[in-house]
2 protein chains.
Amino acid sequence: MRDLAERVNLRASSLYSHIRRKEEILQKICAEQDRRFTEAMDEVEHMECKPVEKVRILLSLHIRTALEDPTSVTVFSDEWKHLEEPYLQKFSERRRIYEQRFLNIIEEGIKGGAFKPLDANIILYTLLTAIRWLHHKQQTQPALSGEKQEQQIIELLMGGLENNLPKEGGER
Amino acid sequence: MRDLAERVNLRASSLYSHIRRKEEILQKICAEQDRRFTEAMDEVEHMECKPVEKVRILLSLHIRTALEDPTSVTVFSDEWKHLEEPYLQKFSERRRIYEQRFLNIIEEGIKGGAFKPLDANIILYTLLTAIRWLHHKQQTQPALSGEKQEQQIIELLMGGLENNLPKEGGER
DNA sequence: CCTACCGATCGGTAGG
DNA sequence: CCTACCGATCGGTAGG
């Protein structure tokens, strides 16, 4: 709180005119990011497109959010575990629901033969975790634009996810 | 330190018969993991095999380490940033060297046409970060064996990395 | 390895 | 929004 106060040219105690407790800051950031991703998931679920396109849209959102708001994403990704009860439980549950909805899309893609027949949980966590470096690497100014970075990460991840085999044939 | 002491049935002050400072624990774990990965890199560099095989071996090591020693990997992956100077600088430099050696292998694969022509830094960080969920998800007992998990993650990641286009031809 | 501490720091409050 | 604090906790030491 002392560090935070210094950044806004106040005394630490003065922060408490704006917030009630330190925990409140953590809660607000987590809740806001949760809302952001949940709303996107609502939209994606109602879209009439293939699983491959839905995953692509969700990945794109995660990547763009990490590039645009790295601080909030750091809190949402790494610091949420410091939430106090009962918020920790509530947040974990909301996270679980989001992941389950994402899993459903992945399962749909596997059943339809668009995705490789891998374990959906492994796919989900690998995809979501694969971009966790973005919000940390903001200090070194990027050689590539955010758009290029997004494009390349998606190509790398979707390339591994999509099934290259012919629909009804054997191997090779 | 109080929590740690409780886990080994001691008083916090008694820990200081075994270590000099709290920081020492962090340093030792970071140094040990650094040595482990550096030694593996030494071996891999001297192997006579293609880049695709080298990346596969390194990924396999990272995955197996995360499964076998999740606590150390958590420290090495997430907690190293709390090292004090001058250890923080030293460690960052050793990390940078390891990453550079990994980058060289990736660049070699791109030049040889085995890997997609993406930015090598993006590939490196995406691959290394993609498995960061493994050491956190140890509580839920796994539906899949460690071997199966390793195999599937590697298939997912290498599938996106490898170039599927014919060597000299156009697209499709 | 324990008891008995200590100085520093932390989140937070009282009162203006 | 500030000054002046407070109780709790932290890493660590003295001395046995």
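Chain naming here is simple, since letters A, B, ... match the order of the sequence lines and numbering starts at 1 in each. Only this structure's heavy atoms are used, side chains among them; waters, hydrogens and symmetry mates stay out. Computed from a prediction, not measured in an experiment: that's the story for all the values here.
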For DNA chain C, what residues of residues 8-19 of chain A have any heavy atom nearer than 4.0 Å?
-> A:S13, A:Y16
Going by the side-chain contact (heavy atoms from CB on, under 4.5 Å) test, name the single residue among A:D34, A:L88, A:L26 that passes it with A:W80.
-> A:L88
Salt bridge or not for A:K28 and A:E24, using N-O below 4.0 Å?
-> yes
Could you walk me through whether B:S60 and B:E150 pass side-chain hydrogen bond (donor to acceptor under 3.5 Å, both in side chains), step by step?
-> CA-CA 7 Å; B:S60 170; B:E150 178 189 329; 2.7 Å; yes
Would you indicate, yes or no, if D:dG11 has its OP1 or OP2 atom less than 4.0 angstrom from a side-chain nitrogen or oxygen of B:R21?
-> no
Whole-Å distance between C:dG11 P and A:E6 CD?
-> 14 Å
Integer-rounded Å distance: C:dC10 P and A:D3 CG | 7 Å
Using Watson-Crick geometry (N1-N3 plus N6-O4 or O6-N4) or G-U wobble (N1-O2, O6-N3), each under 3.5 Å, C:dC6 is paired with D:dG11
Is D:dG16 paired to anything, Watson-Crick or G-U wobble with both distances less than 3.5 Å, and if yes, which nucleotide?
-> C:dC1
A:R20 CZ to C:dA14 P, straight-line distance once rounded to whole Å = 15 Å
Is the distance between the ring centroids of B:F76 and B:F91 under 6.0 Å?
-> yes
B:M41 and B:L61: side chain to side chain contact (heavy atoms under 4.5 Å, CB included), yes or no, with the steps?
-> CA-CA 10 Å; B:M41 183 61 85; B:L61 174 70; over 6 Å; no
Within this structure, what is the CZ-to-C1' distance between A:R2 and C:dA8, rounded to whole angstrom?
-> 11 Å
Send over the distance from B:I25 CD1 to D:dC10 P, rounded to a whole Å.
-> 15 Å
Can B:E23 and B:Q27 be said to form a side-chain hydrogen bond (donor to acceptor under 3.5 Å, both in side chains), step by step?
-> CA-CA 6 Å; B:E23 166 92 4; B:Q27 286 167 18; 3.1 Å; yes
